[in-house]
Amino acid sequence: MRRLLRLVLLGALAVWVWRRIVGAREPSERASVAYADGSSIVLEESTAGFARLASIARGALQR
Amino acid sequence: MVASAPMDAAEALAELKELSSQIDRAAIVAADGSLLGSTDDVQATERLVRAGLDLVAAALELDAASEEVIRVDVELREGSVFVVREGGKTITATTGPQPTTGLVVYDLRTCLQRIEEPKPATRRNRRKAADAEEAG
């Protein structure tokens, strides 16, 4: 029983560490564009085109 | 799939707000740039519509080979902005942080599809309107 409890605790700890690592890596800001010809692009925070789209979007979010 | 009756932009936006709890504000413009409907006051609507059209223009500049943008979504920490274009109409909408992108886009597209095209002024329609005016 104690071994099982220890195993569950270890599993929970592993999941928590994994989620923290993956969560920290995921960009919180991004943009995506889809075109009529079927192509699409995704822009992450650090990419050149993102800053322009983000500044326009921030204007729209202001009330 | 259930076929639903076409409606005007105000009704479609009201239904959109009712069905999608993630959408805060939305505005729809026709192909000629005229406003079809909005959930906001005049000033906020102008800002939202302008942002939508600017996002489409900026998105077009990102890919010189593509001629038409059908969707732009920008997800920021403070919230997200979506622009969806279909059948000549453009809807721009805002949400809170971390929306379910696929669901929001589906709702916006459905909203655009529900909007009835304004009827062109045919000779019969003009005569009907004139008759109605005379009778009234």
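By convention in this document, chain letters (A, B, ...) are assigned in the order of the sequence lines, proteins followed by strands, and residues within each chain are numbered from 1.
- Inter-residue side-chain proximity for B:Asp24 and A:Leu61 is flagged as unmet; no heavy-atom pair is nearer than 4.5 Å.
- Side chain to side chain, B:Arg71 and A:Ser40 fail the donor-acceptor criterion of an N or O pair below 3.5 Å.
- Of the listed residues B:Pro97, B:Ala65, B:Ala59, B:Ser80, the one with more heavy-atom pairs under 4.5 angstrom with chain A than any other is B:Ala59.
- Hydrophobic clustering keeps B:Val29 apart from B:Leu108 (ILVMFWY residues linked when any side-chain heavy atoms are closer than 4.5 Å, directly or through intermediates).
- Between atom OG1 of residue B:Thr94 and atom CD of residue A:Gln62 there is a gap of 12.0 Å, rounded to the nearest 0.5 Å.
- With chain B as partner, the option from A:Ala54, A:Ala60, A:Gly59 having the largest number of non-hydrogen pairs under 4.5 angstrom is A:Ala60.
- Taking hydrophobic clusters as Ile, Leu, Val, Met, Phe, Trp and Tyr residues chained together by side-chain heavy-atom distances below 4.5 Å, A:Ile56 shares a cluster with B:Leu62.
- Only the backbone of B:Thr95 comes within less than 4.5 Å of a heavy atom of chain A; no side-chain atom from C-beta onward does.
- Heavy atoms of A:Ser39 lying under 4.5 Å from chain B belong exclusively to its side chain.
- Within the 4.5 Å cutoff, the side chain of A:Glu29 has heavy atoms near those of the B:Glu78 side chain.
- Between A:Tyr35 and B:Asp63 there is a side-chain heavy-atom pair separated by less than 4.5 Å.
- Separating the OG atom in A:Ser28 from the CD atom in B:Gln98 is a distance of 8.5 Å, to the nearest 0.5 Å.
- With a threshold of 4.5 angstrom between heavy atoms, B:Ala44 does not approach chain A through any atom at all.
- Screening B:Leu76, B:Asp73, B:Val74 against A:Arg30 for a side-chain contact (heavy atoms from CB on, under 4.5 Å) leaves a single residue, B:Asp73.
- Looking at B:Glu67, neither its backbone nor its side chain comes within 4.5 Å of chain A, counting heavy atoms on both sides.
- When B:Asp54, B:Asp41, B:Leu48 are compared by the number of non-hydrogen pairs under 4.5 Å with chain A, B:Asp54 comes out ahead.
- When all heavy atoms of B:Ala58 and A:Leu53 are compared, the closest pair comes out as CB-CD2, 3.7 Å.
- A single hydrophobic cluster is not seen to contain both B:Val49 and B:Val84; linkage of ILVMFWY side chains at heavy-atom distances under 4.5 Å, directly or through other members, places them apart.
- B:Val81 is connected to A:Leu43 through a chain of hydrophobic side-chain contacts under 4.5 Å among Ile, Leu, Val, Met, Phe, Trp and Tyr, so both are in one cluster.
- In this structure, no portion of B:Arg85 lies under 4.5 Å from any heavy atom of chain A.
- No single ILVMFWY cluster, assembled from side-chain heavy atoms under 4.5 Å apart, contains both B:Ile70 and B:Ile91.
- More than 12 non-hydrogen atoms from other residues, nucleotides or ligands lie less than 6.0 angstrom from CZ of B:Arg77.
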